[in-house]
Colleague: 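There's a structure below that I have some questions on.
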Amino acid sequence: MPPSPTGKLHVGNVRTALFNWLFARKTGGSFILRIEDTDADRSRAEYEQALIDDLRWLGLEWDEGLEKGGDFGPYRQTDRFGLYRDHARKLMEEGHAYYCFCSQERLDADRQEQQEKGLPYKYAGHCRDLSSGEVESRIAAGEKPTLRLKVREGEISFRDLVFGQVTVSLAEIGDFILLRSDSSSQYNFACVVDDALMRITHVIRGEGHLTNTFRQVLLYEYLGFPLPDFAHLSTILGPDGSKLSKRHGATSIGEFREKGYLPEGLVNYLSLLGWTPPEESGEVLAIEEIIRSFDLGHVNKSPATFDIAKLNFINRSHLKNLGDGLLAEKVYSFLVSGGVLPDREGPEIMEWVGQAADLLEKYADTLADFPGLVRDLLSFDPDKGMADPEVLEILSEPDAAACNKIV
RNA sequence: GUCCCCAUCGUCUAGCUUGGCCUAGGACACCGCCCUUUCACGGCGGCGACCGGGGUUCAAAUCCCCGUGGGGACGCCA
């Protein structure tokens, strides 16, 4: 599981993490957390920490990697640049790579020209056959070249565990960059070196990487590394059919946590995106049951739409399975974190918790979703035995802020 | 634009590998009825799909081709 710390952990990434984790648990393998932070501009330490917190909150503990250590560290790519350079040198010595002095401007111009002609962009190979003398003198003169892979002719093909056999002509792939001019590693290269050195057996990642995999397979070939198994997971779409993003509402798992969703509910729902448990077991499952029946070979290829209504149903079901004591505790801390109740001891708090416990007993079999439950608690009137419609109105879109409003 | 990939109810999907058991099954949502002092929960029932067109075959949701729609890649991002 190699995330980039370039933003909040998104449900799509979590689904990928989850499938990696499930596969590792199912097969008795190790789930490894490696940070892909080779993009210095976008990577931020705070995102890395949030990512760790989110993964732990969900219960997706890793066996090896960040904060955990292991035999194949370091587990942060910025700490591994030396390794990449070593392998780059090897590729160069074997004639599979070359220095490229093309300026950004020249590349942009090439790209634009190709586009206008309606051709796919591909590096034109200007520097492919520079003499070693020229290379040396330009480097001596202070030019900072990138290192490119000399892509062979023919085709490349691999068998994906989800998508099956996929093939592409190498004529489609230009000589791509291995090391940037600041000598840091580009993603595809770092990824292959790490996966090989860390003895990764299964690469399970988002579908967006399917075409990167062609490049990577070529790198495995040149580097003489054994090929791991690849499994690509379809994209998660928003209700309008486009890739799920912020404008579709809550997408970061932090937001779901704040709204009071249960980690087990979220994990259960996400496991259902692209995968189906055996029919006889139903869809509301404890994590152990998911592990037991999880099967990568039965993962769907087509993109899945994120459906909040079904998430709510799954979450609600887990809420009901929680039991009164645990539930009262969760409700209380939810209200505290939302600022509805003060985080302190006191008679009025005890009274409230007492009422909550009574109510939970009464409502034991009738729980809705978490915010719905809170809504009931706040508006329950024992004399009338019914909810106050005005309060219900305010809380029809219940969240922590709305709860705050009425107290 | 070029390449890679995908296509079953509104949504998640089973079935497709090994064509007939599919008048296409389940779940969420929705609608109705029952239960209930309200709501909810629960029970029962309903609505609802094989993207289009050609093949192959005695037989196609399942295999092949074309079209259409969608996603992804084409970066000194990952």
Side-chain angles (χ1 to χ4, degrees), chain A residues 2-7 13 36-43 77 100 102-104 107-108 111 114-123 144-148 160 162-164 166-169 171-174 176-188 190-191 205-215 232 234-237 239 241-243 269 271-280 282-284 297-298 300-314 316-317 320 362-369 372-373 375-376 379-381 384-387 389 392:
Chain A
S4 305
T6 55
N13 301 142
E36 308 210 322
D37 56 351
T38 60
D39 184 352
D41 294 341
R42 296 200 303 144
S43 296
Q77 288 187 326
C100 170
C102 292
S103 67
Q104 192 66 61
L107 296 174
D108 288 345
R111 203 181 338 268
Q114 297 289 310
Q115 217 138 65
E116 279 163 12
K117 284 188 195 159
L119 296 170
Y121 171 69
K122 197 177 131 178
Y123 175 61
K144 298 267 185 239
T146 60
L147 190 74
R148 286 185 187 270
D160 188 274
V162 172
F163 284 90
V166 281
T167 306
V168 77
S169 163
E172 301 294 331
I173 297 176
F176 57 94
I177 289 177
L178 267 19
L179 296 181
R180 305 182 184 113
S181 53
D182 64 0
S183 80
S184 67
S185 175
Q186 193 271 340
Y187 163 75
N188 282 299
C191 187
R205 76 231 305 194
E207 188 186 352
H209 290 292
L210 195 63
T211 44
N212 277 325
T213 307
F214 293 123
R215 291 175 172 76
H232 288 88
S234 69
T235 316
I236 296 180
L237 271 22
S242 68
K243 192 172 177 174
Y269 174 67
S271 77
L272 262 18
L273 254 26
W275 173 76
T276 318
E279 201 162 329
E280 63 276 13
E283 292 182 321
V284 178
H298 280 134
N300 224 69
K301 289 184 266 203
S302 44
T305 304
F306 187 82
D307 181 16
I308 194 81
K310 185 132 185 183
L311 200 214
N312 287 155
F313 165 77
I314 299 284
R316 192 190 308 147
S317 306
K320 280 189 275 193
K362 178 178 168 59
Y363 273 52
D365 312 312
T366 70
L367 302 171
D369 55 15
L373 175 67
R375 179 192 63 207
D376 286 348
S379 58
F380 182 70
D381 180 339
K384 280 188 281 184
M386 62 196 299
L392 287 179

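Owing to the predicted nature of the structure, the values given are computational and were not obtained by experimental measurement. Just so it is clear: chains get the letters A, B, ... in the order the sequence lines come, proteins before strands, and each one is counted from 1.
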Colleague: Could you give the distance from CG (A:N188) to CG (A:N212), rounded to the nearest 0.5 Å?
Modeller: 4.0 Å
Colleague: To the nearest angstrom, how far is A:F214 atom CZ from B:rC4 atom P?
Modeller: 8 Å
Colleague: Base, sugar-phosphate, or nothing for A:N212, non-hydrogen atoms under 4.0 angstrom?
Modeller: base
Colleague: What heavy-atom pair brings A:P277 and A:G282 nearest, and what distance separates the two atoms?
Modeller: CG-O, 3.5 Å
Colleague: Does the structure place the NZ or CZ of A:R148 under 6.0 Å from the centre of the six-membered ring of A:F176, at an angle of no more than 45° from the ring's axis?
Modeller: no
Colleague: Nearest to the side chain of A:R42, which nucleotide is it out of B:rC28, B:rC5, B:rA78?
Modeller: B:rA78
Colleague: For side-chain hydrogen bond (donor to acceptor under 3.5 Å, both in side chains), just list the numbers for A:H232 and A:T213, CA-CA rounded to whole Å, side-chain angles, deciding distance to a tenth of an Å, and then say yes or no.
Modeller: CA-CA 10 Å; A:H232 288 88; A:T213 307; 3.1 Å; yes
Colleague: With heavy atoms under 4.0 Å as the rule, sort A:T146 into base, sugar-phosphate or nothing.
Modeller: base
Colleague: Side chain of A:E279 only, please: which of B:rA78, B:rA14, B:rC4 is the nearest?
Modeller: B:rA14
Colleague: Take the protein atom CG of A:L311 and the nucleotide atom P of B:rC12, then report the distance between them rounded to whole Å.
Modeller: 14 Å
Colleague: Of the listed nucleotides (B:rC3, B:rC5, B:rC76), which one gets closest to any side-chain atom of A:V166?
Modeller: B:rC5
Colleague: Heavy atoms from C-beta onward define the side chain here; which of B:rG42, B:rA73, B:rA78 lies closest to that of A:H209?
Modeller: B:rA78
Colleague: Counting heavy atoms from C-beta on, name the nucleotide in B:rA73, B:rC76, B:rG26 closest to the side chain of A:S181.
Modeller: B:rC76
Colleague: What is the distance, to the nearest angstrom, from the CD atom on A:E280 to the P atom on B:rG25?
Modeller: 18 Å
Colleague: Where the side chain of A:R215 is concerned, which of B:rA73, B:rC12, B:rG71 is the nearest nucleotide?
Modeller: B:rA73
Colleague: With both distances under 3.5 Å as the test, what is the Watson-Crick or G-U wobble partner of B:rC22?
Modeller: none
Colleague: State which of B:rA78, B:rA29, B:rC4 makes the closest approach to the side chain of A:A309.
Modeller: B:rA29
Colleague: Answer with base, sugar-phosphate or nothing: what part of the nucleic acid does A:S234 contact at a heavy-atom distance below 4.0 Å?
Modeller: nothing
Colleague: Is there a Watson-Crick or G-U wobble partner for B:rC76 with both distances under 3.5 Å, and if so, which one is it?
Modeller: none
Colleague: When all nucleic acid strands are considered with a 4.0 Å heavy-atom cut-off, which category describes A:E283: base, sugar-phosphate, or nothing?
Modeller: base
Colleague: Are the side chain of A:S4 and the backbone of A:T6 linked by a donor-acceptor contact shorter than 3.5 Å?
Modeller: no
Colleague: May I ask which nucleotide in the shown strands pairs with B:rA40, Watson-Crick or G-U wobble, both distances under 3.5 Å?
Modeller: none
Colleague: Write down the distance separating the P atoms in B:rG45 and B:rG25, rounded off to the nearest Å.
Modeller: 14 Å
Colleague: Looking for any heavy atom pair under 4.0 Å, which part of the strands does A:R111 touch: base, sugar-phosphate only, or nothing?
Modeller: sugar-phosphate
Colleague: CG of A:L107 to CD1 of A:I177: how many Å apart, nearest 0.5 Å?
Modeller: 7.0 Å
Colleague: Provide the Watson-Crick or G-U wobble partner of B:rC31, both distances under 3.5 Å; none if there is no partner.
Modeller: B:rG45
Colleague: If the P atom of B:rC6 is compared with that of B:rC22, how far apart are they to the nearest Å?
Modeller: 27 Å
Colleague: Which whole number of Å gives the distance between the C1' atom of B:rA29 and that of B:rU11?
Modeller: 8 Å
Colleague: Heavy atoms under 4.0 Å, any strand shown: does A:G282 hit a base, just sugar-phosphate, or nothing?
Modeller: nothing
Colleague: What is the nucleic acid contact for A:F163, judged by heavy atoms within less than 4.0 Å: base, sugar-phosphate only, or nothing?
Modeller: sugar-phosphate
Colleague: Under a 3.5 Å cut-off for both distances, is B:rC9 Watson-Crick or wobble paired, and to whom?
Modeller: none
Colleague: If we take the C1' atom in both B:rU18 and B:rC63, what is their distance in whole Å?
Modeller: 12 Å
Colleague: Which part of the nucleic acid, if any, lies within contact of A:K243, taking any heavy atom under 4.0 Å across all strands shown: a base, the sugar-phosphate backbone alone, or nothing?
Modeller: sugar-phosphate
Colleague: Using atom C1' of each nucleotide, how far apart are B:rA24 and B:rA14 to the nearest Å?
Modeller: 10 Å
Colleague: To the nearest Å, give me how far apart CG (A:D160) and P (B:rC5) are.
Modeller: 11 Å
Colleague: Output yes when at least one side-chain N/O atom of A:R205 is less than 4.0 Å from OP1 or OP2 of B:rG72, else no.
Modeller: no
Colleague: Would you measure the distance from the C1' atom in B:rC3 across to the matching atom in B:rU23 and give it in whole Å?
Modeller: 43 Å
Colleague: Does B:rC50 have a Watson-Crick or wobble mate here (both distances under 3.5 Å), and if so which one?
Modeller: none
Colleague: Using a cut-off of less than 4.0 Å, is there contact between a side-chain N or O of A:Q114 and OP1 or OP2 of B:rG1?
Modeller: no
Colleague: Given the side-chain rings of A:F214 and A:H209, with only the six-membered ring counted for Trp, is the space between their centroids under 6.0 Å?
Modeller: no
Colleague: Salt bridge between A:E283 and A:K310, side-chain N to carboxylate O under 4.0 Å?
Modeller: yes
Colleague: Does a side-chain N or O of A:T276 approach OP1 or OP2 of B:rA27 to a distance below 4.0 Å, or not?
Modeller: no
Colleague: Give the nucleotide from the list B:rA14, B:rU11, B:rC6 with an atom nearest to the side chain of A:D307.
Modeller: B:rU11
Colleague: Please determine, for the side chain of A:E36, which listed nucleotide (B:rA78, B:rC5, B:rG26) has the closest atom?
Modeller: B:rA78
Colleague: Could you give the distance separating B:rU8 and B:rA49 at their P atoms, to the nearest angstrom?
Modeller: 14 Å
Colleague: Please give the nucleotide sitting opposite B:rA59 as a Watson-Crick or G-U wobble pair, both distances under 3.5 Å, or none.
Modeller: none
Colleague: Just the rounded figure in Å: distance from C1' of B:rC76 to CG of A:N188.
Modeller: 13 Å
Colleague: Could you measure between the two P atoms, the one in B:rA61 and the one in B:rG67, and give it in whole Å?
Modeller: 23 Å
Colleague: Return the value, rounded to whole Å, for the distance between atom CG of A:L237 and atom C1' of B:rG69.
Modeller: 13 Å
Colleague: State, to 0.1 Å, how close A:S234 and A:S302 come at their nearest heavy-atom pair, and which atoms those are.
Modeller: OG-O, 3.1 Å
Colleague: Does the side chain of A:K320 get closer than 4.0 angstrom to OP1 or OP2 of B:rG42 through an N or O atom?
Modeller: yes
Colleague: Give the nucleotide from the list B:rG26, B:rG71, B:rA29 with an atom nearest to the side chain of A:F313.
Modeller: B:rA29
Colleague: Given the structure, check if the side chain of A:T305 and the base of B:rC12 hold any donor-acceptor pair shorter than 3.5 Å.
Modeller: no
Colleague: Base, sugar-phosphate, or nothing for A:T6, non-hydrogen atoms under 4.0 angstrom?
Modeller: nothing
Colleague: Can you check whether any acceptor in the base of B:rA7 is under 3.5 Å from a donor in the side chain of A:K301, or vice versa?
Modeller: no
Colleague: What is the distance, to the nearest angstrom, from the CZ atom on A:F306 to the P atom on B:rU13?
Modeller: 13 Å
